[in-house]
Amino acid sequence: MEESKLEHQEMNIQQFREDLLNWFVEEQRDLPWRKDNQPYKVWVSEIMLQQTRVDTVIPYFERFMEEFPTMEEFAAADEEAVLKIWEGLGYYSRVRNLHSAVKEVVEKYNGIVPDTPKEISKLKGVGPYTAGAILSIAYGKPEPAVDGNVMRVLSRILLIEADIAKPSTRKIFEAAVRTLIDQSNPSYFNQALMELGALICTPTSPACLLCPVREHCQAYANGKEQVLPVKTRKKSVKNISLLSAVLKTADNLYLIRKRPNEGLLANLWEFPTMEVTVNKQYSTQRQALSRYLEQQYDTEIQLETGSFTHVDHVFSHLKWSMDVFAGEIAKTVNLQDGVRLVTEQELEALAFPVPHQKIWKAYKDTQKSGE
DNA sequence: AAGGCGGGGCT
DNA sequence: AGCCCAGCCTT
């Protein structure tokens, strides 16, 4: 910051705002959450957009608003419905926190989303970025909304070389935004910075020749747009080998279980699964899975000889490598808490993480081709 | 400050 | 095979 044009007052801030906003007025994308600025809609869209691309979010946002048009209706929903609407979107704690926070707004704030940084930041799942986004977009308040786009764009325009992977760096950019932000239209100013990051000032090969604020960009002037922002990289993911089973009773019911209420994929449903710690022989794996299932569910199980599918799935911090067996439950199951026997229709109405959706799809494909 | 927490689409 | 994405929470 010390060496930036911003502090030396060399930058024409008025002209920068005007160029940025004029571009946004002309070029902004037609997105479903831009039809109006209702705080509830802005809120839902901002939660969905955390670490998630616009194109991915669009259909989820449409379905969400169709199912839960008001905060009151969302607040009244049960958790299964809440998880189902989020199924496949990832980072499921987002929707658990959103549900909790919307209930709080309905109960304690008379259904009005708070409009101050202090109050809105207390809501679960509303961090510095989301607070600023809601306050500026829904309420027109001149608060910074610094996300990955904004840090990338401003690191280039202002030639800021701080490592954007560090949590503390965000404060530098918030300070910059407080100086730059257009007081008469903070909503468009914040959205324009993000839109510019998404459409022009992209992570690799930014389209500088099309950039509306190229004349204000210090990185472009110094040929540094390709080396900014500075970002240290994270280490690679851990591999985990799993064995799963699609188990069916003679009555065509499937055995599923609910994951623990915290941690990875909390409260989502899955097919019974065990982790394998060592690389064992094929038949031994099948035996290990069989023993695990019979002990776990106090029943007798006949697994088919070979696994019918293999599923690889990469998360942000680990990788699942799953071998999946089909089997029949020979005896009555002792149903513990969080374990259910369900029909196909019931199964498909519950929320499953994508790797287990892949298993189900592969299973149904084998049923189809096997007939 | 560092790591957990999804999933998909680029390069 | 990484990297990135309209981040937040816990430790």
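Just so it is clear, the structure is predicted and the values come from calculations on it, not from any experiment. Every chain is numbered from 1, with letters handed out A, B, ... down the list of sequences.
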How long is the line joining [atom1] of [X] and [atom2] of [N], in whole Å?
X	N	atom1	atom2	value
A/Met194	C/dC4	CE	C1'	17 Å
A/Lys319	C/dG2	NZ	C1'	12 Å
A/Leu98	C/dG7	CG	P	16 Å
A/Lys122	C/dC8	NZ	P	18 Å
A/Arg96	C/dT10	CZ	P	10 Å
A/Asp312	C/dA1	CG	C1'	13 Å
A/Lys231	C/dC3	NZ	C1'	8 Å

> Taking the C1' atom of each, how far is B/dG6 from C/dC3, in whole Å?
Replying inline: 15 Å
> If the P atom of C/dA6 is compared with that of B/dG4, how far apart are they to the nearest Å?
Replying inline: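 Looking at atom P only, C/dA6 and B/dG4 are 24 Å apart.
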>> By nearest heavy atom, map A/Val54 and A/Leu123 onto DNA chain C; which one lands nearer the 5' end?
In response: A/Val54
>> On DNA chain C, compare the nucleotides closest to A/Leu31 and A/Ser121; which residue's is nearer the 5' end?
In response: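 Its nearest nucleotide lies further toward 5', so the answer is A/Leu31.
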What is the nucleic acid contact for [X], judged by heavy atoms within less than 4.0 Å: base, sugar-phosphate only, or nothing?
X	result
A/Ser205	nothing
A/Arg29	base
A/Trp320	nothing
A/Arg170	nothing

>> Walk me through whether A/Tyr363 and A/Phe308 qualify under ring-ring contact (aromatic ring centres under 6.0 Å, His included).
In response: CA-CA 7 Å; A/Tyr363 178 79; A/Phe308 68 90; 5.7 Å; yes
> Considering all heavy atoms of both residues, which atom of A/Glu79 and which atom of A/Asn267 are nearest to each other, and what is their separation?
Replying inline: OE2-ND2, 2.8 Å
Answer with yes or no whether the side chains of [Y] and [X] bring together a donor and an acceptor at under 3.5 Å.
X	Y	value
A/Glu119	A/Tyr109	yes
A/Tyr129	A/Glu46	yes
A/Trp269	A/Glu80	yes
A/Gln15	A/Asp19	yes
A/Arg94	A/Thr52	yes

> How are the rings of A/Tyr40 and A/Phe64 set relative to one another: parallel (under 30°), tilted (30 to 60°) or perpendicular (over 60°)?
Replying inline: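 Tilted.
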>> Angle between ring planes, A/Phe271 versus A/Trp360, binned at 30° and 60°: parallel, tilted or perpendicular?
In response: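 Rings of A/Phe271 and A/Trp360: parallel, as their planes differ by under 30°.
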>> Let's test this: given Watson-Crick or G-U wobble pairing with both distances under 3.5 Å, identify the partner of C/dG2.
In response: B/dC10
> Could you write nucleotides 4-11 of chain B as a row of B, S and -, 5' to 3', where a protein heavy atom under 4.0 Å of any base atom gives B, of only sugar-phosphate atoms gives S, and otherwise -?
Replying inline: SBBBBB--
>> Does anything in residues 124-147 of chain A come within less than 4.0 Å of DNA chain B? Heavy atoms only, and list the residues if so.
In response: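 Nothing qualifies; none.
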>> Check A/Lys361 with A/Asp365, please: is the shortest side-chain N to carboxylate O separation under 4.0 Å?
In response: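 Result for this pair is yes, salt bridge flagged.
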